Amino acid sequence: MLTTHDLKLMIGGKTAMEHANFRLARGEKAGLIGRNGCGKSTLLAALSALAQAQDLPEYAKTQGTATFDVGCRVTYVPQECRGLPDLTVREYLGQDTEAVPSELLDTKLGALSGGWAKFVQLCRAFAEPADLLLLDEPTNNLDGERIEAAINMLRASSAAALVATHDRDFLDRCVTAIYEVQSATRQVAKYGGDYSFFKQEKDNERRSKEREFEAQNKRRQRLDKSLKEMRAKSFAIEHESKHFYYRAIAAKLAQRAMRYQGRLESELSAMPRPQTEKPLRFEVKSGDGLAGGHAVFVAKGLSFEYGGQQVFGGLDFVVRAGERVLVQGPNGSGKTTLLRVLSKELQPTRGGLDASGRAGFLPQTMEVPQDDLSVAKYLETEVGYAPEDWGRVVGKILGTDPRQAHVRDLSEGELKKLRLALLLDTGYDVLLLDEPTNHLDVYAIEALERALQEFKGAIVCVSHDRRFVQNLKPSKTVICA
C-alpha cells in the first residue's frame with residue numbers, strides 16, 4: 001500500500017526526520033512513535049497530501065520518495081477535529097450510525113464534545129472504502145467504551161494503517177510493527193511486533209550497545225597506555241644515549257608507537273559512543289504538611305449544574321493523604337467539572353466539600369501564553385524560578401535549552417510536559433490530573449509514571465489510558481453520572 005525510500009521531512013526549514021523507509025503491505029497495521037515535536041503529525045499530514053496530489057502543509061517539505069499502490073484510497077484522521085462540515089451526525093455518517101447513541105444523531109458536529117467529535121470522525125473513516133488509514137492519536141479524548149470500539153473497528157478493518165499514538169495498550173492490541181522516530185539521529189527505525197516487544201527489543205539494544213562500547217573503550221585504554229609507554233621509552237633512550245645501537249632501538253619504538261597511534265585512531269572512529277535517547281525525568285517534591293490518613297477532600301452530596309442541567313450529582317467520597325483515586329464516567333458525565341470543583345475553580349451547586357492542603361491542577365487543555373516569552377523568561381517572570389533552577393526543572397523533560405525555546409512555539413505535548421514539571425516540583429499535597437497522558441509521547445508518559453510513584457501526596461486523576469491507570473494503581477474510584 002505504501003512504500004517510502006529515504007524520505008526526509010523538514011519542518012520550518014529544519015530536518016525533523018530522514019531515512020524514513022516505510023513498507024506497509026495490504027492490511028498491515030503499524031504504530032508510529034517518537035518524542036513530542038519530532039514530526040509524527042506532520043508526517044501523516046504530508047503522506048495524506050502526497051497520496052492525493054495536494055499541497056503539503058506550508059511549513060513542511062519532503063525529499064525522497066513516497067509511493068502508493070495504484071488506486072490506493074487513503075483516509076486521514078488528524079489529531080484535532082477542526083474544519084468539520086456544518087452537518088448533523090446522521091448526515092455525516094449516512095447509514096453507519098450503529099456505534100453512536102441515537103440521542104446524538106441529530107446533533108451538529110460543531111456542537112459535539114472533543115471526544116464525541118473524534119469518535120464520529122473515526123466511525124466515518126472506518127466505514128469508508130479505504131485501503132490505507134493514516135490515524136493521528138485516535139484515542140485522544142475518547143472514553144474507555146469508545147476506545148474499545150475504535151480498537152475493534154481497526155482490528156476488523158482490511159485496510160493497512162499507520163497510527164501515531166501514545167496509547168501503549170492500543171498499540172499492543174492493534175499493530176504488528178513499530179516505527180520509531182529517533183530524536184538522537186532523526187532517523188526512523190522499524191521494529192517487528194507490538195509496543196511491549198518494541199520496548200523489550202529497545203532495552204536489549206541499548207544494553208548491547210553500551211556493553212560493546214565499554215569493551216571497546218577498555219581496549220582503547222589499553223592501546224593508549226601502551227602507546228604512552230612506548231613513546232616515553234623511546235624518548236628516554238634517544239635523550240640518554242648517543243650510541244647508534246640504542247638510538248636505532250628508539251627509532252623502532254617510535255615507529256611502533258606511530259602504528260599504535262593509527263590503530264587507536266581507527267578504534268576511535270570505528271566505535272563512537274552510541275547515540276541513545278536521553279531518558280526523561282521529572283523532579284518531584286511532595287507536600288509534607290499532611291499526615292498519613294488525613295482527609296484531603298470530603299464530599300457529601302456534591303452536585304453541579306450548568307444552565308439548569310445537572311452535570312453530576314449526589315457524589316459522596318473521601319480522599320485521604322497519599323491515596324490514588326480514579327475518576328471515571330462516560331464522555332460528558334462531568335469528570336472535568338468535578339476536578340475544577342475540587343481545585344476551587346468552580347463552586348458546587350449543592351452539597352458540601354471540605355478541602356485541606358495545597359492542590360495543584362492539570363487541566364486537560366493547555367492554554368498557550370500569547371506573549372513571546374522564552375521558556376526561561378516564562379519560568380522567571382510567571383513562576384518565579386531563579387536561573388539556576390531552569391535546567392533542573394525542565395532540562396531533563398523538554399530536552400531543549402530553556403533560553404532558546406519559546407513557550408508559544410511548544411507543541412501541546414511539550415506544553416503539558418512543562419506544566420507537569422512545574423506541578424511536580426512545587427510540593428503540593430494533592431495533584432488533580434485531567435487526562436494527563438493526552439498529547440504526551442510514550443517516553444514522557446513512562447517518565448510521568450515513575451514520577452507519580454515518587455510523589456507522596458494524594459492524586460485524583462481522570463484518565464482513559466488503560467496502561468497508565470494500571471500503573472497508577474488507584475485504591476478507589478469515583479463514578480460520575
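Since the model is a prediction, treat every value here as computed from it, not as a measurement.
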side-chain hydrogen bond (donor to acceptor under 3.5 Å, both in side chains): pairs with one or both residues in residues 448-457, sequence neighbours excluded | Arg168-Glu449, Glu449-Asn471
Report the distance from atom CZ of Arg358 to atom CG of Leu431, rounding to the nearest 0.5 Å.
-> 10.5 Å
Rounded distance [0.5 Å steps], OG1 in Thr349 versus CD in Gln347 = 10.0 Å
Before giving the answer on side chain to side chain contact (heavy atoms under 4.5 Å, CB included), spell out for Leu342 and Phe361 the whole-Å C-alpha distance, their side-chain angles and the decisive distance to 0.1 Å.
-> CA-CA 9 Å; Leu342 295 180; Phe361 178 42; over 6 Å; no
So how far is it from Leu2 CG to Leu162 CG, rounded to the nearest 0.5 Å?
-> 7.0 Å
List the steps, then state whether side chain to side chain contact (heavy atoms under 4.5 Å, CB included) holds for Thr336 with Leu339.
-> CA-CA 5 Å; Thr336 291; Leu339 261 62; 5.9 Å; no
Please confirm whether the backbone N or O of Gln187 pairs with a side-chain atom of Thr185, one donor and one acceptor, at under 3.5 Å?
-> yes
Those residues that, when tested against Phe22, pass ring pair (Phe, Tyr, Trp, His ring centres under 6.0 Å) (two or more places apart) | Tyr179
Would you please name every residue forming a side-chain hydrogen bond (donor to acceptor under 3.5 Å, both in side chains) with Thr15, sequence neighbours left out?
-> none
Where at least one partner belongs to residues 148-160, residue pairs that pass side-chain hydrogen bond (donor to acceptor under 3.5 Å, both in side chains), sequence neighbours excluded = Glu148-Arg173, Glu148-Arg466
What's the shortest heavy-atom distance between Asp441 and Arg35, and which atoms?
-> OD2-CA, 3.2 Å
Among residues two or more places apart or on two chains, list those pairs meeting salt bridge (Lys or Arg N to Asp or Glu O under 4.0 Å) that have a residue in residues 58-78.
-> Arg73-Asp131
For Glu283, enumerate each residue passing the side-chain hydrogen bond (donor to acceptor under 3.5 Å, both in side chains) test, keeping only those at least two apart in sequence or located in another chain.
-> Arg281
Under 3.5 Å: donor-acceptor pair, side chain of Arg350, backbone of Gly301 | no
Results of salt bridge (Lys or Arg N to Asp or Glu O under 4.0 Å) for Asp434 - residues two or more places apart only | none
Results of side-chain hydrogen bond (donor to acceptor under 3.5 Å, both in side chains) for Ser333 - residues two or more places apart only | none
Please round to the nearest 0.5 Å and tell me the distance separating atom CG of Leu326 and atom OG1 of Thr477.
-> 5.0 Å
Heavy atoms only: give me the nearest Ala159-Leu132 pair and the separation to one decimal.
-> CB-N, 4.2 Å
Would a 4.5 Å heavy-atom cut-off, applied to side chains only, mark Phe282 and Leu448 as touching?
-> yes
Which residue, Val478, Val462, Asp143, Ile479, forms the side-chain contact (heavy atoms from CB on, under 4.5 Å) with Gln328?
-> Ile479
With Leu134, which of Val163, Val77, Leu44, Thr75 fulfils side-chain contact (heavy atoms from CB on, under 4.5 Å)?
-> Leu44
Evaluate side-chain hydrogen bond (donor to acceptor under 3.5 Å, both in side chains) for Thr139 paired with His464, printing each intermediate quantity in order.
-> CA-CA 9 Å; Thr139 64; His464 295 110; over 6 Å; no
Check whether any side-chain heavy atom of Asp6 sits under 4.5 Å from a side-chain heavy atom of Asn21, and report yes or no.
-> yes
Side chains of Lys29 and Leu154: does their closest heavy-atom pair fall under 4.5 Å?
-> yes
Quick one: pull up NZ in Lys335 and SG in Cys461 and give me the separation to the nearest 0.5 Å.
-> 11.5 Å
Look up atom CD1 in Ile147 and atom CG in Asp465, then write down how far apart they are to the nearest 0.5 Å.
-> 7.5 Å
Looking only at atom types and distance, does a side-chain atom of Asp96 sit under 3.5 Å from a main-chain N or O of Ala127, one as donor and one as acceptor?
-> no
Determine, stepwise, if the pair Ser196 / Gln200 fulfils side-chain hydrogen bond (donor to acceptor under 3.5 Å, both in side chains).
-> CA-CA 6 Å; Ser196 294; Gln200 181 179 348; over 6 Å; no
Determine whether Tyr378 and Leu418 make a side-chain contact, defined as any pair of heavy atoms from C-beta on separated by less than 4.5 Å.
-> yes
Working for side chain to side chain contact (heavy atoms under 4.5 Å, CB included), residues Leu171 and Thr165 = CA-CA 8 Å; Leu171 289 169; Thr165 181; 3.4 Å; yes
In sequence, state the C-alpha distance, the side-chain angles, and the governing distance for Glu412 and Lys416, and then conclude on salt bridge (charged side-chain N to carboxylate O under 4.0 Å, His left out).
-> CA-CA 6 Å; Glu412 287 195 69; Lys416 182 160 279 190; over 6 Å; no
Restricting to pairs with a member in residues 468-481, which pass salt bridge (Lys or Arg N to Asp or Glu O under 4.0 Å), not counting sequence neighbours?
-> Glu323-Lys476
Identified side-chain contact (heavy atoms from CB on, under 4.5 Å) partner of Arg467 from the options Val442, Asp172, Leu472 = Asp172
Greater than 12 external heavy atoms within 6.0 Å of Asp55's CG | no
Backbone of Leu9 reached by a side-chain donor or acceptor of Thr62 within 3.5 Å | no
Do you know the tightest heavy-atom contact between Ala30 and Leu24?
-> CB-CD2, 3.7 Å
Close side-chain approach of Leu452 to Phe468, heavy-atom, < 4.5 Å | yes
Any side-chain heavy atom of Thr4 within less than 4.5 Å of one from Thr67?
-> no
Main-chain N/O of Gly322 paired with Arg324 side-chain donor or acceptor, under 3.5 Å | yes
Mind checking what makes ring pair (Phe, Tyr, Trp, His ring centres under 6.0 Å) contact with Tyr195, not counting sequence neighbours?
-> Phe198
Single hit among His439, His166, Gln79 for side chain to side chain donor-acceptor pair (under 3.5 Å) with Glu137 | His166
Step by step, would you call Val298 with Leu353 a side chain to side chain contact (heavy atoms under 4.5 Å, CB included)?
-> CA-CA 6 Å; Val298 179; Leu353 176 66; over 6 Å; no
Salt bridge (Lys or Arg N to Asp or Glu O under 4.0 Å): which pairs involve residues 97-121, sequence neighbours left out?
-> Asp86-Lys108, Arg90-Asp106
Applying side-chain hydrogen bond (donor to acceptor under 3.5 Å, both in side chains), name anything that partners Arg340, two or more places apart in sequence or on another chain.
-> Glu345
Count the heavy atoms belonging to other residues, nucleotides or ligands that lie under 6.0 Å from CD of Glu91, then report whether that count exceeds 12.
-> yes
Heavy-atom side-chain contact between Leu135 and Phe126 under 4.5 Å | yes
How about Ile178 and Asp194: do any of their side-chain heavy atoms sit closer than 4.5 Å?
-> no
